[in-house]
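Predicted model, so just to flag it, every value in this text is computed and none were measured. Just follow the structure's listing: the first ligand is 1, and inside any ligand the first atom is 1. Residues: numbered from 1 along the sequence shown.
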Amino acid sequence: MPEQKNYDAIIIGGGPAGLAAALSLYENDVKDILILERDRELGGILNQCIHNGFGLHTFNEELTGPEYAKRYIHMTKEAGIAYQLNTMVVNIVPVQTEDGVFKEVTATSSEFGFQQLRARAVILAMGCREKPRGALNIPGYRPAGIYSAGTAQKFVNMDGLMPGREVVILGSGDIGLIMARRMTLEGAKVKLVAEIMPHSGGLKRNIVQCLEDFDIPLLLRHTITEIRGKNRVESVVISEVDENLKPIPGTEEEVKCDTLLLSVGLIPENELSRNMGLTMSPATRGAVVGENLETSCPGVFACGNVLHVHDLVDNVSKEAEKAGRYAAEYIRSFALRSSLKNEPDPESTLMKQFARRNTTKNVSDPVKAVENPDGTRTYTLPCISCPAGCIVSVTVRGESEILSVSGNSCEKGEVYAKNEVTAPVRILTSNVRISGSDREVLPVKTASAVPKEKLWECVKAVKELKVQAPVRIGDVLLEDIAGTGVALIASSDAGLSEQF
Ligand SMILES: Cc1cc2nc3c(=O)[nH]c(=O)nc-3n(C[C@H](O)[C@H](O)[C@H](O)COP(=O)(O)OP(=O)(O)OC[C@H]3O[C@@H](n4cnc5c(N)ncnc54)[C@H](O)[C@@H]3O)c2cc1C
């Protein structure tokens, strides 16, 4: 018989949603918690997102994915919340006991074998996965060189491996855009990003900093209609599409490449939810939940990307905190609540948010400069300081004398626009080879932004660097990268006995 243990709450998934939910339960006086995580470390997808841009709302700082994750991992460990790694949950069923309806969670792991655990409440935080090639029906053989963008991201950022050298990316959501820059910084030639819609699905800042900075073309209203090559990808055929998103005959163009990255959408990871018979939403492809984030099964809550795909991890943490709070409430009133049926609200606020999210994105305009009759120049550019994306105009005399700034709605926007037209700066995130730890590569970043014109010199310095573990997050690896006066620092731990 498998081992059986009872908990107040079990959380499935140790990503940002699972960790924030666990901490919220803990703060609401539920201490008997277990997090089950199938990966070898906590942190979820953030561990492979080594770029910056996380935590602006939660911490008022621009962190990389591993830095953001580490803050939650640290708090989880400090609180003494139990977690089990390398443990895959394969089934959840409600079971009636003398003490009410428990949720029985079946998990497997190489260390603990087959386990059956019981909890009063379960929080689903399994994240999402990428749509595969099979979902696209692109004609062609099945050659090597076709990857989902997230898989390529894991290869490059966590394993230090390059999937290819000449790359085409299909899909201009944030993952596609971020991988366009990442592959470029690693020495690949990204030929283009093709997007079937008339606008990009990515954040403005990513269009500016991942495509425009590197002159990578974004082809809107285009898709891939054929993949050529039998053993390895040799080229793809790109076609323009009409208003019904159907390829227009005669517009085909062959683009030579050895790698195709697909970034065509994320789907909530909901096998467990479906197997347990939860009511699912066709709009979000996550479980239907009430305002309290409880699913159609009483005592089972859902949050994060398993509920609906989020752009910002800050929103994931916020939602998970709420799920933890309501789960704690459920646990307190367990005896009463277990017999009550929760009626889910299909028009929940979350679903409305999702619908809004899909309609508010658009593509940014590149920086445009107009010569004025008096010899000054006016630049028009999208501000990327926040998602509002104000279009800002900056008038400049000579090389760099700013005469006026308009169109911005905050001071940050003014500072950004002035810098962008006179002396643009960027934070560089990358990774370096490391020895003496179980990692191949260590995520690193510049401690502050470096001049954009110095970016490639900084990349070269990073590529030449080799470090020796142990390394702690924030350790200075280079005092002054490429003569910029800026330090290069570790953005993750490696080789520490206890990775706090
Ligand atoms: C490429 C990329 C770039 C991004 N860039 C940004 C950005 O710049 N700024 C920003 O704010 N946000 C960004 N995001 C979004 C943000 O990272 C995610 O929204 C967030 O990580 C989702 O958290 P989660 O906990 O729901 O899911 P995840 O992080 O995916 O965690 C889910 C966890 O559940 C585990 N799991 C799944 N199934 C099981 C099971 N059956 N048993 C046990 N464990 C299981 C998984 O292993 C995983 O660890 C980005 C996301 C991606 C993919």
- Message: Under a 3.5 Å distance rule, please check whether S24 uses its side chain to pair with a backbone N or O of E321 as donor and acceptor.
- Response: yes
- When every non-hydrogen atom of I227 is compared with those of L260, the smallest separation belongs to CD1-CD2, 3.7 Å
- Task: Name all pairs fulfilling the ring-ring contact (aromatic ring centres under 6.0 Å, His included) condition that reach into residues 155-176, sequence neighbours left out, sorted by first residue then second.
- Result: Y147-F155
- Message: For G14, is there any backbone N or O sitting under 3.5 Å from a side-chain donor or acceptor partner on E37?
- Response: yes
- Check each protein residue for a heavy atom under 4.0 Å from ligand 1 and list those that pass, ordered by chain and number. I12, G13, G15, P16, A17, L36, E37, R38, G44, I45, L46, C49, H51, G53, F54, T87, M88, V89, A125, M126, G127, Q153, I175, L272, G304, N305, H310, D311, L312, V313, D314, V316
- Message: Check whether Y7 forms a cation-pi arrangement with R118 (NZ or CZ under 6.0 Å from the six-membered ring centre, at most 45° off the ring normal).
- Response: no
- Message: For a 4.5 angstrom cut-off between non-hydrogen side-chain atoms, does S317 reach Y72?
- Response: yes
